[in-house]
Amino acid sequence: MRLSAQTPLPPAVRRPDYDRSAQAAGIVHIGIGAFHRAHQAVYTDRAMRAGDRDWGIIGVSLRSGDVAAQLNPQDGLYTVSARSAAGTDLRLIGAVQKILVAADDPQAVVDAIAAPTTHIVSFTVTEKAYLRRPDGALDLAAAVYPASLYRFVAAGLAARKAAGLPGLTLLSCDNLAGNGAVLRGLMRAYLAAYHPGLAAWFDGECTCPATMVDRIVPRATDADRATVEAELGVRDEGAVVTEAFSQWVIEDDFAGPRPRWDRVGAELVADVAPYETAKLRMLNGAHSALAYIGLGRGHEFVHQAIADPGIRPVIERLMRDEAAPTIPAAPGQDLATYAGALLDRFANPALHHRLAQIAMDGSQKIPQRWLATLAWHQERGNRCLSLEAAIAAWIAFLRSGNPIDDPLAGKLRDAAAGPYAIERLFGDGGLIASDWRP
Ligand code: CS2
């Protein structure tokens, strides 16, 4: 039997206690993968459990119909299993109402963005979907392709303006440095080129808060779905498996109403930068290093790589001695404690987080994860032995003949194979983005 609004569930499973069918959709979320379902959708579900209303989520997949096929037959319902050594917390999430596939029905996406009940459009589309050139500017040619997020948002905003509706909060939840300002600048560039009449309205009516999002979400496997089925008594094709930890820091700059996420665990702050910088350079920086060094040493999962005595000290040094000194910590933010907590999270044996999942899209991730730290130390004449080892491991990975899942795969393989690989990857005019430079 398949999970749906009708199926009975064991009493131990926590579930929505609000009337799902009575909620308007206040959020359109673009890029509804497992991360969104384990993170922002969980906070939104909690906010509705705590009494907020009309914050249902319409999920959008830009290209693939996979999530729609998982969730639409289940009335948008799915479970989140938070796994730790202490056991599993299983809950049913009711915030997602339905999934639209932009490639199949683009107008439905535009209509959802333009609906009077919509106040927030949020994004987890991964780094590459922002379509930035190496200098950080919008790739204007790529941005008009059918799957470009900019096309949908611009068309939705144009419809809102024409209908006399207010603007929106555009909330980037991707791991980019300064994600709010980046999205605002790219959206602005798109409008200036293709919808010049909308640019001033966008400036006056829409905001793009910065966010720091954090929860480790390995891709769910058949074995995970079978475990959830055994616990639930019904089949959940949209099951998400994650860790117990979750953190969300949001810049308090909304164009209109928002769920009271701050009452259910999120932090609303004036300046996200210290949290985001620490997360990108320490957690994500260590993750990418673990991926390439770990794969090179024959490991499959994060918890195996961090247990390797030939790797753990490299990762500790990367976080504590290389990344942490570059981060101007916020009051109360203790980076040494943070590093310790990250090591514990990486070691979680209940999660099977594949190094190959983290290794994908290296060209899009490495600038904000490693290069900003390296540049800070270079200016001071310091070496970064761990980051140098990580870069060497990435180049070895590109040369290894293993499949490379990256928008620049072919170019990266060529650059890494020949002489002057470092120069061709990181030098002036090289393949890797330079816009992270201070
Ligand atoms: C990981 C992130 O796949 C990756 O590149 O580093 O997805 C990481 O698990 C999350 O950012 C944790 O919040």
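Side chains included, hydrogens not; waters and symmetry mates left out as well; all remaining heavy atoms used. Whatever order the structure lists them in is the order used to number ligands and atoms, beginning at 1. None of these values were measured; they are calculated from a predicted model.
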To the nearest 0.1 Å, how far is [atom] from its closest protein heavy atom, and which atom is that?
{"atom": "atom 5 (O) of ligand 1", "answer": "Lys365 NZ, 2.8 Å"}
{"atom": "atom 2 (C) of ligand 1", "answer": "Asn284 ND2, 3.6 Å"}
{"atom": "atom 13 (O) of ligand 1", "answer": "Asp214 OD1, 2.6 Å"}
{"atom": "atom 9 (O) of ligand 1", "answer": "His287 CE1, 3.2 Å"}

Kindly confirm or rule out a cation-pi arrangement of [X] over [Y], judged by NZ or CZ under 6.0 Å from the six-membered ring centre and within 45° of its axis?
{"X": "Arg354", "Y": "Phe301", "value": "no"}
{"X": "Arg380", "Y": "Trp376", "value": "yes"}
{"X": "Arg424", "Y": "Tyr420", "value": "no"}
{"X": "Arg132", "Y": "Tyr130", "value": "no"}

Exercise. Using heavy atoms and a threshold below 4.0 Å, how should the contact between Arg369 and ligand 1 be classified: side chain, backbone, both, or neither?
Worked result: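 It is the side chain that touches ligand 1; the backbone stays farther off.
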For this session: Determine whether the side chain, the backbone, both or neither of Asn175 has a heavy atom under 4.0 Å from any heavy atom of ligand 1.
Result: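 The answer is the side chain of Asn175.
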Problem set entry | His353-ligand 1 polar pair, N/O distance under 3.5 Å |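 By distance alone, the answer is no.
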For this session: Answer yes if a protein heavy atom lies under 4.0 Å from atom 7 (O) of ligand 1, otherwise answer no.
Result: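 Within 4.0 Å of atom 7 (O) of ligand 1, no protein heavy atoms are found.
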In a table with atom names and distances, give each donor-acceptor pair under 3.5 Å that connects a side chain of residues 283-291 to protein atoms at least two apart or in another chain.
{"residue": "Asn284", "atom": "OD1", "partner": "Lys279", "partner atom": "NZ", "Å": "3.1"}
{"residue": "Ser288", "atom": "OG", "partner": "Arg369", "partner atom": "NH1", "Å": "2.9"}

Problem set entry | Validation row: Leu387, His377 side chains within 4.5 angstrom (heavy atoms) |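 Leu387 does not reach His377 side chain to side chain.
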Exercise. Hey, does Lys279 sit under 4.0 Å from ligand 1 if you only count heavy atoms?
Worked result: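 Yes, that is the case, since the closest heavy atom of the residue is under 4.0 Å from the ligand.
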Exercise. How would you list, by chain and number, every residue that makes a side chain to side chain donor-acceptor pair (under 3.5 Å) with Asp54, sequence neighbours excluded?
Worked result: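 Asp54 satisfies side chain to side chain donor-acceptor pair (under 3.5 Å) with no other residue.
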